[in-house]
Structures are given as structure tokens and as C-alpha cells.
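All of these numbers come straight from a predicted model, not from anything done at the bench. For the single chain, residues carry numbers from 1 onward in sequence order.
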Amino acid sequence: MTKQELRKYIKTLIPEEGIRKTESERICKIITQTAEYKAAPLVLLYMALDDEVSLSLVIDNALDSKKTVGLPRIRPQSSLMDFYKVTDHTQLQAESKYGIKEPEPCKEDIINPCTIPDGTLIIVPGRAFTKGGCRLGRGKGFYDRWLSKIPSDKKNRVHLCGVCFPQQIVESLPSDEHDILMTKVMY
């Protein structure tokens, strides 16, 4: 199967809304109990699309725990994304063109991938994952581009965690040289 065919197929396996909600809560509990999360000085998360694992409970927990939290914002008319620090949900703007809330583009809150602290936990959505950490995104390359900016000497000192529903775990995925491998996948 091509990447596009696999994306279409996996989309048919996404559970219905009630199951997505229950599974999202279960996965959020798993995330907040990991050693990586507990020790992370910075947690980069995402605002979920309707068919993705909702991380709202992790976002709330991280903000309540006074962790530094970053959420992505897509740059207009580009295929680039930036993470911005947020301190509460009121900093999120109205929905983007992708139907998700994004942080305000405040220059002093931008998170530079070159200077993220050791132990940072980056939680990455995907259309499908393998248990070994291969990821199939939605095809726009936002995460692969941003993650590729992390310096090579830092890559083994941050935690890349793929997150998906169990139905999105597959045996193997087609991959390209620019695809970034996750260190862990939670589902």
C-alpha cells in the first residue's frame, strides 16, 4: 500500500466518538504516569483533530503541575509549524484552518528546537505507528520538519512519543529518509 492508501485505510479504523473519548482518557492517564512525563521540564503537546487522541487531560495536568507547556501553530501559507509556550487555555486562538485551536503567535513565547532542555517530552500525533516507533503522519510534514531542527547531539536527550488509538498500530509502514522515528509509542 502507498502512504496515501494506508492513510485512507487507517481512517476507516478510527473508533466512534464515545470510544475515542474513553480511549483518550485512558491514554492520557498512561502518559502522565510515565517517568518521562514526570521528569520533563518541557512538554510539547498538540490540540487534537476530531479523529486523534485528545490530550486535553495531559494539557490540564501539565499546566496544573506548573510544567512548561508548548502547543503548535501552523505558519500561514506554509508547511511550517512552530511551538509556543502557553500557561493556560485562554491563550488559545480561535480555530485554525485545520479546525484546531492554536496559541497566539507571541514572539517571546516561541520554542526554539535548538535550545529545548534535556528531558523534553514531545508528544506527536500520527495516522499510524508501528510498535517500534515508525510514524505515518497526515502527509504535510509539519512534525518531521520541526523535529529535524533538533540538533543531532540533543536527539538522544529528548523523548519523542507517538500517540494513537490501538487500531492505528500496524506491523510496518513505508518510510522515507526524512521520517523521524519515535522513541516510544503509546496507544
Pairs where residues 15-26 contributes a residue and the test salt bridge (Lys or Arg N to Asp or Glu O under 4.0 Å) is met, not counting sequence neighbours:
Lys21-Glu25, Glu23-Arg26
Over all heavy atoms of both residues, which pair between Trp146 and Leu44 is shortest? Give the atoms and the distance, please.
CH2-CD1, 3.5 Å
CG (Asp50) and CD1 (Ile100) are apart, to the nearest 0.5 Å, by 11.0 Å
For Tyr37 and Ala62, indicate whether the former's side chain and the latter's backbone hold a donor-acceptor pair under 3.5 Å.
yes
Using the test side-chain contact (heavy atoms from CB on, under 4.5 Å), find all partners of Lys131 that sit at least two apart in sequence or belong to another chain.
Ile169, Tyr187
How about Tyr46 and Val163: do any of their side-chain heavy atoms sit closer than 4.5 Å?
yes
Residues passing the salt bridge (charged side-chain N to carboxylate O under 4.0 Å, His left out) test with Arg157, sequence neighbours excluded, are Asp118, Asp153
How far does CD1 of Ile59 sit from CG of Leu71, to the nearest 0.5 angstrom?
5.0 Å
Looking at side-chain heavy atoms only, is the closest gap between Phe165 and Val53 below 4.5 Å?
yes
In this structure, would Leu173 and Tyr9 fall into the same cluster of hydrophobic residues linked by side-chain contacts under 4.5 Å?
yes
More than 12 heavy atoms of other residues, nucleotides or ligands under 6.0 Å from NZ of Lys155: yes or no?
yes
Could you please spell out the steps behind the side chain to side chain contact (heavy atoms under 4.5 Å, CB included) verdict for Ile74 and Phe142?
CA-CA 8 Å; Ile74 306 302; Phe142 293 121; 3.7 Å; yes
Minimum-distance pair of heavy atoms, taken over all atoms of Cys164 and Ile27:
O-CD1, 3.4 Å
So does Asp179 pair up with Arg135, basic N to acidic O under 4.0 Å?
no
Min side-chain heavy-atom separation Gln168-Leu13 under 4.5 Å
no
Say you draw a straight line from CE of Met1 to CG of Leu6; how long is it, rounded to the nearest 0.5 Å?
6.0 Å
Let's go through Leu55 and Cys28 carefully: what are the C-alpha distance in whole Å and the side-chain angles of both, what is the deciding distance for side chain to side chain contact (heavy atoms under 4.5 Å, CB included) to 0.1 Å, and is it a yes or a no?
CA-CA 6 Å; Leu55 297 178; Cys28 284; 4.2 Å; yes
Which atoms form the tightest heavy-atom contact between His159 and Gly119, and what is the distance?
CD2-O, 3.8 Å
Across all chains, not counting sequence neighbours, the salt bridge (charged side-chain N to carboxylate O under 4.0 Å, His left out) partners of Lys184 are Glu36
Just wondering, more than 12 heavy atoms not from Lys67 lying within 6.0 Å of its NZ?
yes
Could you list the donor-acceptor pairs under 3.5 angstrom formed by side chains in residues 122-129, with sequence neighbours left out?
from, atom 1, to, atom 2, distance (Å)
Arg127, NH1, Asp51, OD2, 3.0
Arg127, NH2, Asp51, OD2, 3.1

Calculate, to the nearest 0.5 Å, the distance between atoms CG and OG belonging to Leu49 and Ser54 respectively.
11.0 Å
Okay, side chain of Gln167, backbone of Pro15: is any donor-acceptor separation there less than 3.5 Å?
no
Working to the nearest 0.5 angstrom, can you tell me the gap between Arg138 CZ and Ile10 CD1?
12.0 Å
Which pair of heavy atoms, one from Asp82 and one from Tyr84, lies closest together, and at what distance?
CB-CE1, 3.7 Å
Between Glu52 and Ala48, the two heavy atoms sitting closest are OE1-CA, 3.5 Å
If you take all heavy atoms of Leu181 and Leu160, which pair is closest and at what distance?
O-CD1, 3.6 Å
Result block: side-chain N/O donor-acceptor pairs under 3.5 angstrom for residues 109-117, not counting sequence neighbours:
from, atom 1, to, atom 2, distance (Å)
Asn112, OD1, Cys114, N, 2.7
Thr115, OG1, Asn112, O, 3.4

If you round to the nearest 0.5 Å, how far is CE of Met186 from CD of Gln33?
10.5 Å
Indicate yes or no: at least one non-hydrogen side-chain atom of Pro103 is less than 4.5 angstrom from one of Arg73.
yes
Common cluster, Ile30/Leu57, ILVMFWY with side-chain heavy-atom separation under 4.5 Å
no
For Lys66, does the NZ atom sit with more than 12 other heavy atoms under 6.0 Å from it, leaving out its own atoms?
no
